[in-house]
Number of protein chains: 2
Amino acid sequence: MFSQAALVSDLGTSPHLPSPRIDNDGAFTVHSFFASCPGLLGTAFSYAKDEEIYGDDEPAEYVYEVMSGAVRTCKLLDDGRRQIGAFLLPGNIFGLEAGPNHRLTADAVIDTTVRIVRRRSLETAAQNDIRVANALWAMTARDLRHAEDHMLLLGRKTASERVATFLLEMDRRLTVAGLIDLPMCRRDIADYLGLTLETVSRVLSQFRTEGMLGLSGARHITLRNRQRLRSMNI
Amino acid sequence: MFSQAALVSDLGTSPHLPSPRIDNDGAFTVHSFFASCPGLLGTAFSYAKDEEIYGDDEPAEYVYEVMSGAVRTCKLLDDGRRQIGAFLLPGNIFGLEAGPNHRLTADAVIDTTVRIVRRRSLETAAQNDIRVANALWAMTARDLRHAEDHMLLLGRKTASERVATFLLEMDRRLTVAGLIDLPMCRRDIADYLGLTLETVSRVLSQFRTEGMLGLSGARHITLRNRQRLRSMNI
DNA sequence: CGGGAGATTGAACGGACTCAAAGTCGGTGG
DNA sequence: CCACCGACTTTGAGTCCGTTCAATCTCCCG
């Protein structure tokens with residue numbers, strides 16, 4: 001399936017390569033970074049819901065940008081326990097490694113289209129253009145910042161605080177017209193927050209009861225009291 | 001106290017800059033990276049036990065290498081809850097940021113000596129020598145890998161599994177002559193593992209009872225059954 | 001409209017926490 | 001060198017938050 005990847009050109013330095021635009025939420029987004037790199041424009045691939053994009057420990061040959069859909073990166077224990085490290089949404093880049101192999105699996109939360117670029121193309125560009133090297137470093141640093149924040153959540157926050165943090169993160173990243181349209185199910189949220197799906201459901205119900213949000217179908221959420229949520233977010 | 005820092009030279013490219021040596025445990029160590037960068041050799045500073053080295057959100061002006069002692073990086077909630085992101089031991093580098101500010105506080109676990117280098121010196125070197133840029137990226141990537149592993153621990157492992165993982169990490173990083181000489185107290189371990197100090201103490205006692213380790217004083221640990229610990233580490 | 005995956009809710013359980021007390025050890029001063 | 005002090009650690013008992021197990025419900029999609 002990666003055979004089309006050979007079509008990706010391996011062009012090196014580009015004279016007027018823009019810096020990646022970093023959006024205000026400090027998430028993983030570097031909107032259309034690939035698109036703005038002449039000669040690095042990638043091939044599109046589609047993945048069905050729950051299809052694996054790459055596996056843990058596989059050689060990291062490609063870097064991905066979500067075009068539509070959603071992706072989760074996870075670590076698995078062999079008894080089935082799962083920790084989701086991040087959700088990647090349209091515009092977000094993932095799969096970038098400094099070492100040879102991937103250290104998490106990535107799979108599609110829902111039907112998803114990604115654009116891929118050979119990792120070697122980026123590295124070649126980075127060797128010739130310090131701005132590309134800086135951009136790669138900045139992306140890894142952004143992932144690290146998210147991971148550091150998430151360690152605090154997983155190690156020290158209560159269930160309600162975790163869900164409040166999650167809601168505010170999703171509000172930042174995918175609210176359109178006042179509505180959060182979640183791509184992921186309760187189990188995904190739970191595995192992201194280090195909880196069980198029942199606890200996530202209970203906390204959301206409690207928040208609804210308290211007037212902090214509206215639920216129209218499990219995946220459509222309207223925040224009604226961001227101030228209160230922020231006070232739980234700490 | 002940072003006035004001496006002005007002594008650090010701001011030299012740019014060095015013709016034969018070595019790649020940082022990455023030790024086999026994949027931890028944060030880049031042994032004597034600074035020392036091996038002509039012109040980047042840093043000034044030494046000492047910090048007393050529990051003294052802050054830098055604070056959350058402070059401008060990230062310097063990069064640090066632990067010469068002796070131990071450092072913890074932490075995030076704090078205003079009610080006192082604390083999550084330790086990492087312990088830094090001799091040879092480890094910390095305080096490197098891609099953005100303008102620190103995102104965690106760093107303080108000395110015990111009396112500690114560090115060597116500091118101006119962040120600007122490293123960045124100038126990186127602009128002129130792609131190998132330096134690669135080294136900076138690799139360091140951030142190593143921190144990210146650790147954070148990803150730690151998210152799995154914090155989100156999904158049991159207390160016994162967390163302590164087993166901790167013991168094996170410390171075994172890798174500071175065992176000398178078969179003995180782990182811990183620089184940190186039970187509270188630090190607990191805040192690293194997302195547990196309470198009582199739980200850490202209970203699990204260690206249980207491991208001792210089961211013959212998996214020996215305790216001679218709370219901070220001297222001898223592992224007696226690494227195989228069994230590894231099986232709990234998952 | 002009907003089927004079924006996903007979500008909600010309930011009840012009981014349990015692992016880690018909290019609160020409390022006793023024990024240990026390293027460091028300091030006599 | 002030894003005794004003491006105080007910080008740190010260990011251990012105990014009871015509690016609680018989040019989990020587990022189970023049943024019902026919702027709503028999305030055919």
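Every heavy atom of this structure was used, including side-chain atoms; hydrogens, water molecules and symmetry mates were not. The structure displayed is predicted, hence computed values, not measured ones. Chain identifiers are assigned alphabetically (A, B, ...) following the order of the sequence lines, protein sequences preceding nucleic acid strands; residue numbering begins at 1 within each chain.
- Comparing the end axes of the helix from C:dC1-D:dG30 to C:dG30-D:dC1, each fitted to five base pairs by superposing C1' atoms of four pairs onto the next four, gives an inter-axis angle of 40° (nearest 10 degrees).
- In terms of modelled atom types and a separation under 3.5 Å, the side chain of B:T175 and the main chain of B:G178 share no donor-acceptor contact.
- Listed pair B:R219 / D:dT9 meets the phosphate criterion, a side-chain N or O lying under 4.0 Å from OP1 or OP2.
- In this structure, A:H150 contributes its side chain and A:H146 its backbone to no donor-acceptor pair below 3.5 Å.
- In this model, no donor atom of one side chain and acceptor atom of the other lie less than 3.5 Å apart for A:T140 and B:T140.
- Between A:Y64 and A:Y54, the ring planes are tilted. Angles from 30° to 60° get that label.
- Atom CD1 in A:I189 sits roughly 9 Å away from atom P in C:dT8 (whole-Å rounding).
- Protein atom CG of B:D111 is 11 Å distant from nucleotide atom P of C:dG27, rounded to whole Å.
- If you measure from atom CZ of A:R162 to atom P of D:dC17, you get 14 Å, rounded to the nearest angstrom.
- Distance B:L215 CG to D:dC8 P: 18 Å, rounded to the nearest Å.
- For the residue pair B:N233/B:T165, the side-chain donor-acceptor check at 3.5 Å is satisfied.
- Looking only at distances, a side-chain donor or acceptor of B:R119 sits under 3.5 Å from a matching main-chain atom of B:E97.
- Put simply, the side chain of A:Q83 gets close to the backbone of A:Y192: a donor and an acceptor are under 3.5 Å apart.
- One interatomic measurement links the two molecules: CD of B:Q206 to P of C:dG15, which rounds to 11 Å at whole-angstrom precision.
- Contacts of B:S205 with the nucleic acid, taken as non-hydrogen atoms under 4.0 Å apart, involve only primed sugar atoms and P, OP1 or OP2.
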Please list, pair by pair, any protein nitrogen or oxygen found under 3.5 Å from a nitrogen or oxygen in nucleotides 16-19 of chain C.
{"unit_1": "C:dA16", "atom_1": "OP1", "unit_2": "B:A159", "atom_2": "N", "d": "2.8"}
{"unit_1": "C:dC17", "atom_1": "OP1", "unit_2": "B:T196", "atom_2": "N", "d": "3.4"}
{"unit_1": "C:dC17", "atom_1": "OP2", "unit_2": "B:T196", "atom_2": "N", "d": "3.2"}
{"unit_1": "C:dC17", "atom_1": "OP2", "unit_2": "B:T196", "atom_2": "OG1", "d": "3.0"}
{"unit_1": "C:dC17", "atom_1": "OP2", "unit_2": "B:T199", "atom_2": "OG1", "d": "2.4"}
{"unit_1": "C:dT18", "atom_1": "O4", "unit_2": "B:R202", "atom_2": "NH2", "d": "2.9"}
{"unit_1": "C:dC19", "atom_1": "N4", "unit_2": "B:E198", "atom_2": "OE2", "d": "3.2"}

Intermediate values then yes/no, salt bridge (Lys or Arg N to Asp or Glu O under 4.0 Å), B:R228 and B:E210 | CA-CA 10 Å; B:R228 179 107 181 275; B:E210 294 171 356; 3.4 Å; yes
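- If you measure from atom CZ of B:R186 to atom P of D:dT10, you get 4 Å, rounded to the nearest angstrom.
- Between A:R187 and the phosphate of C:dA7, there is no side-chain N or O to OP1/OP2 separation shorter than 4.0 Å.
- Between the side chain of B:D143 and the backbone N or O of B:R145, no donor-acceptor pair lies under 3.5 Å.
- At least one donor-acceptor pair under 3.5 Å links the side chain of B:R156 to the backbone N or O of A:L195.
- Rounding to whole angstrom units, CZ of residue A:R81 and P of D:dG18 are separated by 19 Å.
- Checked by atom type and distance alone, the side chain of A:T199 never pairs as donor or acceptor with a backbone atom of A:L197 at under 3.5 Å.
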Scan nucleotides 27-30 of chain D against the protein and return all N/O pairs shorter than 3.5 Å with their distances rounded to 0.1 Å.
none

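- Contact annotation: A:R208 side-chain N/O to C:dT9 OP1/OP2 distance is under 4.0 Å.
- Set against D:dT10, C:dT9, D:dC8, the side chain of B:K49 has D:dC8 as its closest nucleotide.
- The nearest whole Å value for the distance from the CG atom in B:D188 to the P atom in D:dC8 is 10 Å.
- Although no hydrogens or angles enter the test, the distance criterion places a donor-acceptor pair under 3.5 Å between the side chain of A:R219 and the main chain of A:P183.
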